[in-house]
*Asks:* 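Starting off with a structure, shown below.
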2 protein chains.
Amino acid sequence: MATSYGQFCPLAKAMEILDERWTVLIVRELLLGSTRFNELRRGVPRMSPALLSKRLQALERHGIVDHEDGHYRLTACGRDLHTAVMSLGVWGLRWIEDFGDEDLDPHLLMWDVRRTVPTASWPPGRTCVAVEFTDLQRARRWWLVVAGGQVDACDYDPGYEVTATVRATLRTLTHVWRGDVSWERAMRARQVEIEAPRDVRRDVPDWFGRSMLADALAAQTAVSAG
Amino acid sequence: MATSYGQFCPLAKAMEILDERWTVLIVRELLLGSTRFNELRRGVPRMSPALLSKRLQALERHGIVDHEDGHYRLTACGRDLHTAVMSLGVWGLRWIEDFGDEDLDPHLLMWDVRRTVPTASWPPGRTCVAVEFTDLQRARRWWLVVAGGQVDACDYDPGYEVTATVRATLRTLTHVWRGDVSWERAMRARQVEIEAPRDVRRDVPDWFGRSMLADALAAQTAVSAG
DNA sequence: CGGTATCCACTACGATACTG
DNA sequence: CAGTATCGTAGTGGATACCG
């Protein structure tokens, strides 16, 4: 790596930068709005800080990232990667449905869920939803708190009244969040259980967002279908 | 490499496959129509045959490539990478204009030129155009022969009558082919010289194609501009 | 919080040669 | 033409500890 492909092809020049391990995932995190080092780390937890630092420096050197007062932000050049990154993600979503247990991670899932929660759809005031991964021992219970347009996800009981409890395996909820399967279908198959008063129960699925890629894929499929 | 990112994110799953060195360039070659092993090699000349073989096997294992009777062809899954690969290439074309001398390669350029020649624009019968890279010693002179809708590019004199001779540095002609600069502009700047009868000289630029990425970028820019 | 420093195992990659 | 075989090394990247 770090060596040139010896090709003038713009794709080759792009891949010289982007095909280094982890690099595209860091760009993804930046596109999703993370700017602090430790924020970025949460998005790529299996990466050592040393390596993350090194990659960020490389991205800065290539003019993709700007590092100022402790914030990493995409430059115009970096933001322009949006289309390509989405295309790659949509392709992955469409063609690589299966993933192994080693790809499941409740922290990562809740971190993702947290930042796609459509707070506007939630009731006014404070609302707390509990999530229980029925197949886990550790990191089994989570609480999602929305108040004043702010979201918090924590793995300890914050002590607020719980409006609804969502129960599913980690794999199932991951599939639902990715958009591989709808809430409705998962609930019909009894793979997801929502414990709450009936009227609340109907709303809960709308309180969760889903991956941007799921929306992008749906949009693309709708277009190509006519 | 070859290790999982430990993420369920479709982008991560995609990059597990695609961020291995050379892999995307091989997909590019397949998208451009190469199917034979040695044909693919011409598109990635700096790659050892052992590694190319290994990558092709990996692509086949992932269901991206189908290998049958000596032909490597993209599956539906592989063909669906078209959008993503183009996006990456367009990004590279837009933001990485500069490349070093080590990225210049007359063989690669002529191999690319050959397969984008719009034969329909050429005169009927046989036409032979000579290309001279004014800054090279070896691989300095090339001949492009179009006859019966077929194109040939060779680095030895095929012996046909030469209708026009194009002279430029390797770097200049590479820029023109990539679409960084137009024929018209390069000729006005005297960076490209076409030796031919006046009426032929006007047509020669249309006899050469240019990179698909140049067209894609132009299309994209046109849309966003208006 | 926001990184750097150091070390080491591993292996991917490139080069070259060779085979059916 | 279509790949395998072999080998050495450069360098990645993971782990751990440490610093400002």
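Here is the naming used below: chain letters follow the sequence lines, and residue numbers restart at 1 for every chain.
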*Asks:* Over how many whole Å does the gap from A/L40 atom CG to C/dG3 atom C1' extend?
*Replies:* 12 Å
*Asks:* Can you see whether B/S4 engages B/E16 through a side-chain donor-acceptor pair at a distance of less than 3.5 angstrom?
*Replies:* yes
*Asks:* Scan A/R41 against the nucleic acid and name what it touches under 4.0 Å (heavy atoms): base, sugar-phosphate only, or nothing.
*Replies:* nothing
*Asks:* Among the nucleotides D/dA15, D/dA2, D/dG3, which one has an atom lying closest to any side-chain atom of A/A50?
*Replies:* D/dA15
*Asks:* Heavy atoms from C-beta onward define the side chain here; which of C/dC13, D/dT4, C/dG3 lies closest to that of B/Q57?
*Replies:* D/dT4
*Asks:* In whole Å, I'd like the distance from the CD atom of B/E20 to the P atom of D/dG11.
*Replies:* 19 Å
*Asks:* Please state how far atom NE2 in A/H67 lies from atom C1' in C/dC1, giving the value in whole angstrom units.
*Replies:* 12 Å
*Asks:* Write down the distance between CG (B/L51) and P (C/dA12), rounded to a whole number of angstrom.
*Replies:* 10 Å
*Asks:* For B/T116 and B/W177, does a side-chain donor sit closer than 3.5 Å to a side-chain acceptor?
*Replies:* yes
*Asks:* What's the OH-P distance between A/Y72 and C/dC1, to the nearest Å?
*Replies:* 14 Å
*Asks:* Round to the nearest Å and state the distance from B/D69 atom CG to D/dG3 atom P.
*Replies:* 11 Å
*Asks:* Atom CH2 of B/W22 to atom C1' of C/dG14: distance rounded to whole Å?
*Replies:* 10 Å
*Asks:* Taking only N and O in the side chain of B/S53, is any of them less than 4.0 Å away from OP1 or OP2 of D/dT4?
*Replies:* yes
*Asks:* Would you say the side chain of A/H67 lies within less than 4.5 Å of the side chain of A/L56, judging by non-hydrogen atoms?
*Replies:* no
*Asks:* Return whichever of B/F37 or A/P49 has its heavy-atom-nearest nucleotide of DNA chain D closer to the 5' end.
*Replies:* B/F37
*Asks:* Identify which one of A/D180, A/D135, A/D101 satisfies the salt bridge (Lys or Arg N to Asp or Glu O under 4.0 Å) criterion when paired with A/R171.
*Replies:* A/D101
*Asks:* Examine C/dC13: is either OP1 or OP2 under 4.0 Å from a nitrogen or oxygen in the side chain of B/R46? Give yes or no.
*Replies:* no
*Asks:* For the pair made of CZ in A/R21 and P in C/dC13, what is the distance, rounded to whole Å?
*Replies:* 12 Å
*Asks:* Between D/dC1, C/dA15, D/dT12, which nucleotide has the shortest distance from any of its atoms to the side chain of A/K54?
*Replies:* D/dT12
*Asks:* Mind checking whether B/F133 and B/L109 have side chains closer than 4.5 Å, heavy atoms only?
*Replies:* yes
